[in-house]
Each structure stands twice: as C-alpha cells, then as structure tokens.
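Take a look at the structure set out below.
Proteins get letters first, then strands, A, B, ... in listed order; numbering begins at 1 in each. For the numbers below, each heavy atom of this structure counts, side chains included, while hydrogens, waters and symmetry mates do not.
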Amino acid sequence: MQQIYNDKMNYNDLSEQEQIRRQSLDELRKLGIDPYPAAMFPVNVTTKEIASDFSAESNNFQDVAVAGRLMGKRIMGSASFAELQDEKGRIQLYFKRDDLCPGDDKTGYNTVFKKLLDIGDIIGVRGFVFVTQMGEISIHVKEMTLLSKSLKPLPIVKEKDGTVYDAVTDPEFRYRQRYVDLVVNPVVRDVFIKRTKIINSLRELYNSRGYLEVETPVLQPIPGGAAARPFITHHNSLDIPLYLRVANELYLKRLLVGGYEGVYEFAKDFRNEGMDRTHNPEFTVMEIYIAYKDYLWMMDFVEEMLEKVALDLHGTTKVPYADTIIDFKRPFNRMTMAGAIKQYTGIDITGMNEDQLKNACHQLNIEIDETMGKGKLIDEIFGAKVEHHLVHPTFIMDYPVEMSPLCKKHRSDPNLTERFELIVNSKELCNAYSELNDPIDQRERFQEQLRLSEKGDDEAMFIDQDFLRALEYGMPQASGLGIGIDRLTMIMTNQPSIQDVLFFPQMKPEKGQATRDEAQEKYIAMGIPVEWVDVLKKLGYTSTDKLKETKAGKLSNDLNGFNKKNKLGLKGLSPQEVEEWLKE
RNA sequence: GAUCCAGUAGCUCAGUAGGUAGAGCACAUCCCUUUUAAGGAUGGGGUCCUGGGUUCGAAUCCCAGCUGGAUCACCA
C-alpha cells in the first residue's frame, strides 16, 4: 500500500470506500492481474445490437465480446448477475463459478469477481447470449478481463419500471463532474448525441447546396460583428492586444468579397457578460452568408432548415418544450418590429424621433437612461412588452436602422433595415440581414457607433478599417444568418438551461488543489518538511502569514499532538526545529 | 448587482421547545446459492459548507462569508 501512496496523509484523507478500492488494486496486482492493461480488447458487438437483434430461435450472438462499465453486481453464491453499461446501453451478465473457472482454481470467481471487482470498473467479457428464466437477455460469461480499475465509487442510480431511484440531481455536482453525470444519467448522454445530430443536420443541408464550411480567426485585433463586450488577451511576440471574437461576421463577408458565394462556420464566440440560464461566456453560433440573396429568401431558408432539424431529430415538426409544444412546421409567423410593438402595446412607433420614443417608454413604465439612442429605446420596448409573448417560431422583421449597423437599409423605408430575428420561446434564436455592402453607408454606420460609444455605450462596435477596405473592392449583395446553436439545442432537446447542453459549462473555480499546490511551495521555502505541510493546513494554518503569527512552542505541540493522535508515524518535532521555520 | 432558497455519510435525503448525529442505497464481514431498484444478519463510515457570536451546551438560534440554484436587473 505504501508504494501506491507516497504520502500517508493523503491515504488517510480518502474515504473508507476509496481505501478499500485501493487495497483491491493492490491485491489484484499481487494475483498478477494488471488493473490497467495495455493490450486492446477486441469488442465485436454492442449491448444495443444484442438487445435489438438477439432471438432464441436463431441462436445468434453465440460468441460475443463486449466491454463497458460494471454498473451492478448481485452475487448469489456460485452464480452471479451483473450489469454492464457500454456507450449504447446496458446488458445483464451471468457468471457461473465453474464456467468462469473450469479448473480447480476458483480464484477468478471467488476473489477477483466477487471481492476485487467494484461498481464502476471497466471490464471486457466474452461469452454467449441467452435468455434467463426471468426473460432477460443476458450474456453467459466464459471469460472476463479487467480493463480499468475504478478507484472512486460512483453514485448508485437505480431504475425500475421507469422510476429512477437516488438520481444524481445536484447541478453543481453534475456540471463540475460531467463525466460522472454522463455515466449515471443516460438521458444526459442522449442530449449531447442530439446536439451533434442537430449540427450534422444543418451541415448536411448546407453542403448539399454547395456552401463551403470555413474557419476564421478566433483571435481578432478588432472584435467586430456584434455589439458585445469582448474578452481581451495579449500576444507576446507581436506585443499587441488581441480579442476573442464576439462574432465572425466580418470575416465571412470578406470571403464573399473574395469570390465564394456561400460560406458558413460553426463558431465558438466569446462575450464577457453575465451568465445565467441562457448565457454562457463561450457559446456556439452558426453563421452563414450567401451571395445574391436577400433577407426574404433567407426567411424561407430558415424555415426549411429548422423544419429539417426537427424532422431529423424527432420525426415530426412538433417539439415538446417545457409545458408546451413548439411547432416548426412552415411557414412561421411573420411580423414587422413596428407591427409587433403596435399589436402588444397599442403604440405606433413608426416615424417617432428619440424624444417621442422616450415618452413612449415612460408611458409603458420602461426604465431608460441617457446613453440610449433610438435603436436601443425601440429594443427596450420590444424586450419588455413583446418578446415574452412569442413562444412559437415568429419572424420579427424590419428593425430600425440605429440598432443594425451591419444591415442594409430597407428597400422601401430608409429608417428601417432589412433584418429579421426569429424568436422562439421568447428568445432570439436567429438573426439575419440583407447584408450591407455599400462601403460608404457602412463607414457612416460605424461612425454612428463611435458616437454611441462616446456617449457611454460600452457595447458599440469598433470601426474595422480593413473590413471597409474589403467592401470598397465590392461585395455581392448577400444575405447572412446567425443561429445560436446552444439555444437551438435547448429547444430541440427540451432542456431548461444552457448548462444542460454544454458539456462543460463555465463555473467558478473549485477552491482546493490549485491554490493548495501554490501555497505548498511557500511552506517549503520556510524550511518546513513536505510531510508536515498538510498537517499544518489541517490544523488551520492555511497561509504562511497565519503561521508566522504563531508561537513556536504551541505550534510544535499542536503538530506532535496531531501526529500522535492520527498515528501518522512522522518523526517528532523539537520546538527548536519549529522555531527555525518561523525565523526570517 | 438585488432578493429568496439550499448546503448533514460515496449518492438521495430525514433530523428545532438548543441536550450523545439518523434512514435507504453503496461499502465491509458472515450466511444463502439463478436474481430483476431490494435474499438475510451484523458492522464500519460524518469538518452537520467555513468563520465568528449567544449559551453550561449549537447541525438547530444570530452575524459574516463561501458555493450552488431560482427570480429580477444586465446581456441589440
């Protein structure tokens, strides 16, 4: 045991169950069994294939090899049943002592399987498939190989007739240790399979149209394409600040200038803003730009893609979400921004100037501040009074020009832009434009953003001179679209929180290891032997500063007492030794 | 950022007139020897989130903090 733990403190820190598993590990090695063998295990079938294709009549699957995690063990003397879980599902294993160990030596069953194998261990088995008296398809195991020993006990989740017992539900546990969540909550694994299916479904559609999947920079000198606060970083050899992208729009449009007629990217974007049920600092957006199209064409295309995703995933356009069913059957509802506001507030904002809009906000009890321009005021009204009504897919079109600096002016009203958002479940799911390709207009819009920025809007866009230069060479008319993939996944998989569709949602760092290791060096620098550092921390001397305020006599007493009480077996300390530590 | 709720065994959770910390599953030992979340018996396992305070005595009451969740604000 000592060889496994270079440090006895750590061993004592382990729970009883963890200590027992480490002892089992030791005993396995003594029996000549490598708990982490290198050789491949030749799996020839999955549990799902057996479950769906086995029939007693055809007597198939008579030499199967499956591998997975041991999820349950029921020992009945010389016979045992166990549950094996692989990626696709679970199957029952049947062990019979004399079949597993045909000779005189029954160690393989009595010791290895019954005693040294734990729930959570990864094993491979060979055998034949049969049906038990209870009617359960099972594998009669003739050979078993330990593939990877598990040292931490898994939470035990059991299920009977669709009722789950003791399910792991603590969100913090689930998000921080997603690997455990995935093992014990198969539904969670399924959500992420669906997420990939959604992305594949969209990609198939785009590729079938001949659009090109591309990659553009994540590190950008100017974070353009969206109004959002960026993360900032620094490049050492160039010695310049770089920003993590908030959007990839401006780069994809440069590619239209370059002559590609349809480009798309599934992009991770980063925004240094609040976190909640629908916002994570990094998130995935699909952006696509198609030359010679306009936003009206794009609306039809969005309907086509979302209907396809729903059908590919569910086989129907009707998708259950929370208490309702969202129907992605086309066509979707279409309203203009002004029309929607008029419908839900009775106020017609058409043609209003900034003061009139501020009045309207007062009238509607909407809080505003001095930094807000026309665009932001209208958006406030929409957000406060309209958005929450829009549960089923609804296009909101023709946004005011002030809030859409990258969008072409409306062909029949210069105060509006050719822009739409698709609102589903009261949240923006898609955003699309007839892209602005007039370089002079674009320059003026950027300058307007600059004025907003000077007014105090910290999300206003920067001027990207290279982008303007690209537009001056000429960009074809085009329509562009962004879809929030995380939110789309939430809706399509009926998940209430963005954290449920991200494998590793952003969390506050766990306190512990990292800081502890850093501090350990400080203790050692004081001349304290490594083996005493953990003892000090256990006694509450969590910083070296705290330590220096303590008298050497008391300290050596405390340390020696702890050593004795916990039978650590460390060599006792003299007060003189301890005094040396505290000297500077 | 504001308000509310939660934090007790590996997991799910009980536990207040303040008075020695509990259950189920898991784990260990023994018995049983073809089970279906669960065969039987016995047993081990706890920083009751952390730090203060009140008290003879705090898981429990008070204050502060940490972590998470919910709602709101912010997030075109």
message: In whole Å, I'd like the distance from the CD atom of A:Gln506 to the P atom of B:U67.
response: 14 Å

message: Say we look at B:A59 and B:U20: how far apart would their C1' atoms be, to the nearest angstrom?
response: 14 Å

- line: Between A:Asn248 and A:Ala267, the two heavy atoms sitting closest are ND2-CB, 3.3 Å

- prompt: Looking only at atom P, what distance separates B:U47 and B:C63, rounded to whole Å?
  reply: 27 Å

Rounded distance in Å between the P positions of B:U50 and B:U8: 10 Å

field: Test side chain to side chain donor-acceptor pair (under 3.5 Å) applied to A:Ser138 - qualifying residues, sequence neighbours left out
entry: A:Gln92

task: Give A:Ala167 one of three labels, base, sugar-phosphate or nothing, depending on what nucleic acid heavy atoms sit under 4.0 Å from its own.
output: sugar-phosphate

message: Rounded to whole Å, how long is the line connecting atom CZ of A:Phe130 with atom C1' of B:U36?
response: 13 Å

- prompt: Over how many whole Å does the gap from A:Tyr94 atom OH to B:U36 atom C1' extend?
  reply: 15 Å

- prompt: Using the C1' atom in both, what is the distance from B:A14 to B:A23, to the nearest Å?
  reply: 7 Å

- prompt: Side-chain donor-acceptor pair under 3.5 Å between A:Arg419 and A:Asn431, yes or no?
  reply: yes

- prompt: Ignoring hydrogens and angles, are the base of B:U34 and the side chain of A:Ser78 linked by a donor-acceptor pair under 3.5 Å?
  reply: no

Atom NZ of A:Lys358 with >12 non-hydrogen neighbours under 6.0 angstrom: yes

query: Will you find, in the side chains of A:Tyr109 and A:Asp99, an N or O donor that is under 3.5 Å from an N or O acceptor?
result: no

- prompt: Rounded to whole angstrom units, what separation is found between the CD atom of A:Glu18 and the P atom of B:A9?
  reply: 14 Å

task: Answer with yes or no whether A:Thr169 presents, from its side chain, a donor or acceptor under 3.5 Å of a partner atom in the base of B:U12.
output: no

task: Pick the P atom in B:A6 and in B:C61, then give their distance to the nearest Å.
output: 10 Å

query: Quick one: do A:Lys408 and A:Glu418 make a salt bridge, cutoff under 4.0 Å?
result: no

message: Restricting to side-chain contact (heavy atoms from CB on, under 4.5 Å), what partner residues turn up for A:Val112, sequence neighbours left out?
response: A:Leu28, A:Leu31, A:Ile33, A:Met144

- request: Just jot down the side chain to side chain donor-acceptor pair (under 3.5 Å) partners of A:Ser148, sequence neighbours excluded, or say none.
  value: none

message: Without decimals, in angstroms, what is the distance between A:Arg74 CZ and B:A37 P?
response: 8 Å

query: If we take the P atom in both B:C66 and B:G46, what is their distance in whole Å?
result: 29 Å

message: With nearest nucleotide decided by heavy atoms, which residue, A:Met461 or A:Met76, maps closer to the 5′ end of RNA chain B?
response: A:Met76

statement: Scoring nucleotides 68-74 of chain B by protein non-hydrogen atoms under 4.0 Å (B base, S sugar-phosphate only, - none) yields SS-S--B

field: Atom C1', compared across B:C5 and B:C74: separation rounded to whole Å
entry: 22 Å

Could you pull out every donor-acceptor pair under 3.5 Å between side chains of residues 334-342 of chain A and any protein atom, sequence neighbours left out?
from: A:Arg334; atom 1: NH2; to: A:Asp300; atom 2: OD1; distance (Å): 2.9
from: A:Arg334; atom 1: NH2; to: A:Glu303; atom 2: OE2; distance (Å): 3.3
from: A:Thr336; atom 1: OG1; to: A:Gly339; atom 2: N; distance (Å): 2.9

task: Using a 4.0 Å cut-off on protein heavy atoms (strictly under), produce a 5'-to-3' string for nucleotides 23-28 of chain B with B for base contact, S for backbone-only sugar-phosphate contact, and - for none.
output: -BSBSS

Atom-to-atom span, CG of A:Asp121 to P of B:G10 - whole angstrom: 19 Å

query: Which whole-number value in Å describes the distance from A:Lys96 NZ to B:U34 P?
result: 10 Å

- prompt: Can you tell which of A:Asp105, A:Thr111, A:Asn110 makes a side-chain hydrogen bond (donor to acceptor under 3.5 Å, both in side chains) with A:Thr107?
  reply: A:Asp105

message: In this structure, how many angstroms lie between the P atom of B:U47 and the CG atom of A:Leu14, rounded?
response: 13 Å

